[in-house]
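Structure first, commentary second.
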Amino acid sequence: MGSKDGRIMGDENVHCAFFYGTLMVPEVFYSVCYNSKEVAPEIAKLHAFHPAILHGYCRRRVESADYPGITEDPEHEVFGTYTTGLTKANMEKLDFFEGSQYERRKVKVKLLTKVGDAKGVGNVEGEERTAEVYVYLNKNELESKEWDLEEFRREKLQRWTRAGYVFEDCDPNHPASVAAE
């Protein structure tokens with residue numbers, strides 16, 4: 001039985017996350033968590049993807065990479081996807097995928113009841129939810145340029161969703177760290 005925040009009642013091993021980069025695209029998420037960009041309807045139904053905003057962080061492109069990182073910045077906010085139904089196994093795969101460049105932290109995000117334009121004009125914020133997010137650890141490796149989801153979809157998505165690609169550069173000995181609560 002589900003609860004209104006997307007967690008399965010009575011199961012503490014189910015997580016919610018805020019994705020702000022490549023994992024906003026369900027095909028990339030499924031490639032990471034299930035090793036295929038297409039999953040059975042029974043698997044797809046386990047997860048919900050909601051537009052959301054994370055206040056107090058800034059998203060930038062990682063130097064020489066197809067993906068972004070976020071760092072704390074009280075003057076900014078980040079548009080992303082609040083994703084529900086993540087299992088412990090999903091989180092372990094995500095930690096491996098993100099690697100030691102990131103730290104997984106708990107944050108508060110606002111679900112969007114209306115999505116505005118690319119600059120956020122017209123966004124209407126709704127309920128606040130707790131989510132886990134991957135924060136980039138080395139600000140010096142981030143470009144000043146904002147990461148662009150539509151550019152990623154146009155120019156990189158096909159490569160990121162081919163079998164085996166998402167883990168090619170991952171180091172099994174250096175998953176993302178998890179911040180103490």
Side-chain angles (χ1 to χ4, degrees), residues 1-54 59 61-70 78-107 109 111-112 115 129-137 147-178:
M1 177 107 200
S3 70
K4 74 176 193 168
D5 68 356
R7 289 178 292 148
I8 296 172
M9 301 240 196
D11 189 349
E12 297 79 36
N13 292 321
V14 177
H15 301 259
C16 299
F18 178 77
F19 299 130
Y20 55 85
T22 61
L23 290 164
M24 291 173 62
V25 180
E27 295 88 348
V28 175
F29 169 78
Y30 293 137
S31 294
V32 171
C33 291
Y34 299 102
N35 301 318
S36 176
K37 68 181 177 179
E38 296 173 4
V39 296
E42 301 79 42
I43 298 294
K45 283 193 278 186
L46 297 174
H47 306 287
F49 302 88
H50 306 279
I53 292 287
L54 173 61
R59 173 178 46 209
R61 196 169 158 143
V62 174
E63 287 179 351
S64 304
D66 296 340
Y67 52 88
I70 62 169
V78 176
F79 174 80
T81 303
Y82 174 78
T83 303
T84 63
L86 301 166
T87 64
K88 181 180 179 202
N90 294 148
M91 297 308 293
E92 288 171 353
K93 285 186 177 184
L94 290 163
D95 288 346
F96 175 64
F97 172 72
E98 296 293 2
S100 61
Q101 296 172 297
Y102 294 87
E103 178 180 71
R104 180 166 32 112
R105 299 180 188 168
K106 286 198 177 189
V107 295
V109 300
L111 300 184
L112 293 178
V115 177
R129 301 286 171 84
T130 299
E132 296 181 69
V133 68
Y134 290 92
V135 176
Y136 203 77
L137 296 174
W147 183 81
D148 185 324
L149 176 62
E150 293 313 312
E151 177 184 320
F152 172 78
R153 284 184 196 271
R154 252 188 342 269
E155 298 176 14
K156 312 289 184 179
L157 179 60
Q158 186 173 2
R159 182 169 30 144
W160 277 70
T161 54
R162 73 172 202 263
Y165 177 77
V166 296
F167 290 114
E168 279 182 6
D169 293 328
C170 297
D171 183 343
N173 298 314
H174 295 96
S177 59
V178 180

Q. Where the side chain of Thr84 meets the backbone of Ala48, is there a donor-acceptor pair that is under 3.5 Å apart?
A. yes
Q. Is there a side-chain contact between Tyr34 and Ile43 (heavy atoms, below 4.5 Å)?
A. yes
Q.
Does any part of the side chain of Asn35, heavy atoms only, come nearer than 4.5 Å to the side chain of Lys93, both counted from C-beta?
A. yes
Q: For residues His50 and Leu112, determine if any side-chain heavy atom of one lies less than 4.5 Å from a side-chain heavy atom of the other.
A: no
Q: Please lay out, stage by stage, how Thr22 and Phe97 fare under the test side-chain contact (heavy atoms from CB on, under 4.5 Å).
A: CA-CA 11 Å; Thr22 61; Phe97 172 72; 4.0 Å; yes
Q: Name all residues meeting the side-chain hydrogen bond (donor to acceptor under 3.5 Å, both in side chains) criterion together with Ser36; count only those two or more places apart in sequence or in a different chain, and write none if there are none.
A: none
Q: State the CZ-CG distance between Phe79 and Leu149, to the nearest 0.5 angstrom.
A: 8.0 Å
Q | pair Val107-Val135: side-chain heavy atoms closer than 4.5 Å | A | no
Q: Step by step, work out the side-chain contact (heavy atoms from CB on, under 4.5 Å) result for Leu86 and Phe29.
A: CA-CA 11 Å; Leu86 301 166; Phe29 169 78; 3.3 Å; yes
Q) Which value, rounded to the nearest 0.5 Å, describes the distance between Arg59 atom CZ and Asp148 atom CG? A) 8.5 Å
(Q) Students often mix this up, so state it plainly: with edges at 30° and 60°, are the rings of Trp147 and Phe152 parallel, tilted or perpendicular? (A) tilted
Q: Provide the closest heavy-atom pair for Lys88 versus His15 in the form atom of the first, atom of the second, distance.
A: N-CD2, 4.2 Å
Q: Drop me the distance from Met24's CE to Phe19's CZ, to the nearest 0.5 angstrom.
A: 11.0 Å
**Q.** Asp95 and Tyr102: side chain donor to acceptor below 3.5 Å
**A.** no
Q. Does the side chain of Tyr20 reach to within under 4.5 Å of the side chain of Val109, using non-hydrogen atoms?
A. no
Q: Check salt bridge (charged side-chain N to carboxylate O under 4.0 Å, His left out) between Glu155 and all other residues, then give those that pass, not counting sequence neighbours.
A: none
Q. Are any of the side-chain heavy atoms of Asn90 and His47 separated by less than 4.5 Å?
A. yes
Q) For the residue pair Phe18 and Tyr82, is the inter-centroid distance of their aromatic rings smaller than 6.0 Å? A) no
Q: Taking all heavy atoms of Ala131 and all of Ala17, pick out the closest pair and write down the distance.
A: CB-C, 3.8 Å
Q. So do the side chains of Tyr134 and Leu94 get within less than 4.5 Å of each other, counting heavy atoms only?
A. yes
Q. Do Tyr136 and Gln101 get their side chains close enough for a donor-acceptor pair, meaning under 3.5 Å?
A. yes
Q. Less than 4.5 Å apart, any side-chain heavy atom of Glu98 and any of Arg104?
A. no
(Q) Return the SG to CE distance between Cys33 and Met91, rounded to the nearest 0.5 Å. (A) 8.5 Å
